[in-house]
There are 2 protein chains.
Amino acid sequence: MPKRVDHDLRRREIGEALLRIASTRGLQAASMREVAAEAGVSLRLVQYYFHTKQELLLGALAYLGEQLSARVEAHIRALGLPPTPRSLVYGTLTAILPTDAESRRLTRTYAAYYTLVLDEPQLAADHGTSYPDALERFLAGHLRAAQQTGQVDPGLDAPTVAAGLLALTNGLGSSVLGGQRDGDAALAILTYHLDRLFGGDHHVDGSRTEPDAAGTVAP
Amino acid sequence: MPKRVDHDLRRREIGEALLRIASTRGLQAASMREVAAEAGVSLRLVQYYFHTKQELLLGALAYLGEQLSARVEAHIRALGLPPTPRSLVYGTLTAILPTDAESRRLTRTYAAYYTLVLDEPQLAADHGTSYPDALERFLAGHLRAAQQTGQVDPGLDAPTVAAGLLALTNGLGSSVLGGQRDGDAALAILTYHLDRLFGGDHHVDGSRTEPDAAGTVAP
DNA sequence: GTTTTGATGATACGCTCGTATCATCAAAAC
DNA sequence: GTTTTGATGATACGAGCGTATCATCAAAAC
């Protein structure tokens, strides 16, 4: 046998080269040859470590998921330990909003994969839709915890609010990537809604936004 | 001269053939040859009416905008005339949520163009980002009107809430297209948040409970 | 009735794509 | 030291792409 090489490491290097291309020029610019050039290897090597392009796309998607999870966890930790329900929700959502170079890169790449799944739905079966679902349940669980500690109106439906928050964040992220507004503006909109949700945890001012949260009661 | 043909009509037919392909198989499947086949004309004719592919893409995008505007207006009218601030906001947002075949087609195509703009940002300069901005101002204006009539908490910041509602709706639409939930579930989430915003039903205009959209609210 | 010209058909060029094939080289195995 | 085998390089193939070119045909213009 010749020199044994670390296949997992090589695969990761090539996969992350694809992610780098996808984050700047889109997935459709990520041809096998471009990926090889970006990774500094020959086309043959890309084929060697990923037998087909679909394998490369799916492998890189897994790496993207790892990077995204790592960022979410880091963002939560940055808000203080031990994490509170509020810091968990706030940290998670702000982590996936494109406010800096890294998050912009991640969300941009994620958006590219989203369109790919729209075009070839059989990809979703192998690897994909479970992540947003898990995120939603994660948020709903901590929202419910916040309701039990009185930080969030207990009259709200936690799963519905969690789904709304995630959709809001994703929609804001799309507007940032599309150039409609910058990351700071999007963050301001997100925090506005989060602060409305997590009423006053310190002091209670007179004109709180809580009364309309009941929703079903006519004023 | 030979028979004079209606160029605008021909262009529309070809452009809508592209939109049909984009709504089902994505924009990347919409090659000149595929568009020609879908429109039932020769490749040469597509080239004749749209000198280049970019011209075709931009022309079809204009038609898509028309179709979207028409649907929004129709949805608003369906909620009763004259329109109220509430029906304007509700009708606009539910119109752009993929709940039926037509809205799914429209939003799916719009998503395809969104990714195209991400990949080639110079397209946005010619034709694009103004639409969501206009929609947001439209919503903010009618939200402010609803605040003046007491339907919406006057303490809220109308532009921020409008941006949030539009982002929420777009995010929900993405989740529907991505297969995370169906259109009815997304509509339920949207109406839940709208009903929280528009506190109690109004009485002055008469009891105009929405014809088709009622009943989806589930706390 | 000839000429002009808008509209259309057939086909080719150069490029890039994903994938496959053939050859090579060096380290491990014996 | 020869053989085996994992790793890598060079190159080719067939298909699809956007675009360009050349020819044709029929209706209007004169």
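Letters A, B, ... are given to chains in the order of the sequence lines, protein chains preceding strands, and every chain is numbered from 1. Values below: every heavy atom of this structure, side chains too, minus hydrogens, waters and symmetry copies. Just so we're clear, the structure is a prediction, and the values are computed from it rather than from any experiment.
Phosphate contact (OP1/OP2 of dG18(C), side-chain N/O of Thr52(A), threshold under 4.0 Å): absent. Phosphate proximity of dT8(D) to Ser42(A): absent, as no side-chain N or O sits under 4.0 Å from OP1 or OP2. Within the 4.0 Å cut-off from OP1 or OP2 of dT16(C), not a single side-chain nitrogen or oxygen of Ser31(A) is found.
Looking at the side chain of Gln47(A), the nearest of the listed nucleotides dG9(D), dA20(C), dG18(D) is dA20(C). Looking at the side chain of Arg44(B), the nearest of the listed nucleotides dT8(D), dT19(C), dT21(D) is dT21(D). When the nucleotides dA7(C), dG18(D), dC17(D) are ranked by their closest atom to the side chain of Tyr49(B), dA7(C) comes out on top. Out of dC17(C), dG18(D), dA7(C), the shortest distance to the side chain of His7(B) is found at dA7(C). For Tyr48(B), taking side-chain heavy atoms from C-beta onward, the closest of the listed nucleotides dG6(C), dA7(D), dC17(D) is dG6(C). In the set dC17(C), dT11(C), dC17(D), the nucleotide with an atom closest to the side chain of Leu43(B) is dT11(C).
Side-chain atoms of Tyr114(B) and Thr115(A) include no donor-acceptor pair closer than 3.5 Å. Side-chain contact, Gln54(A) with Glu120(A): no donor N or O sits under 3.5 Å from an acceptor N or O.
Distance Met32(B) CE to dG9(C) C1': 16 Å, rounded to the nearest Å. Whole-Å rounding puts the Leu27(B) CG to dC17(D) P distance at 14 Å. In this structure, CG of Leu9(B) is placed 13 Å from P of dA7(C), rounded to the nearest angstrom. Per the geometry, CG belonging to Leu45(B) stands 16 Å off P belonging to dG18(D), to the nearest Å. Here the P atom of nucleotide dG18(D) and the CD atom of Gln28(A) are 11 Å apart, to the nearest Å. Regarding Glu34(B), its CD atom lies at a distance of 16 Å from the P atom of dA15(D), rounded to whole Å.
A donor-acceptor pair under 3.5 Å links the side-chain atoms of Arg71(B) to the main chain of Ala95(B), judged by distance alone.
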Using the side chain to side chain contact (heavy atoms under 4.5 Å, CB included) rule, take Tyr90(A) and Leu190(A) through it: C-alpha gap first, then chi angles, then the decisive distance, then the call.
CA-CA 9 Å; Tyr90(A) 194 99; Leu190(A) 175 61; over 6 Å; no

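Judged by distance alone with a 3.5 Å cut-off, no donor-acceptor contact links the side chain of Arg33(B) to the base of dG16(D).
Checking dA23(C) for Watson-Crick or G-U wobble geometry (two distances, each under 3.5 Å) identifies dT8(D) as its partner. Pairing partner, dC30(C): dG1(D), with both Watson-Crick or wobble hydrogen-bond distances short of 3.5 Å. Across the strands present, dA15(D) finds its partner in dT16(C); the criterion is a Watson-Crick or G-U wobble pair with both atom distances under 3.5 angstrom.
Side-chain contact check for Thr109(A) versus Gln67(A): every heavy-atom pair is 4.5 Å or farther apart.
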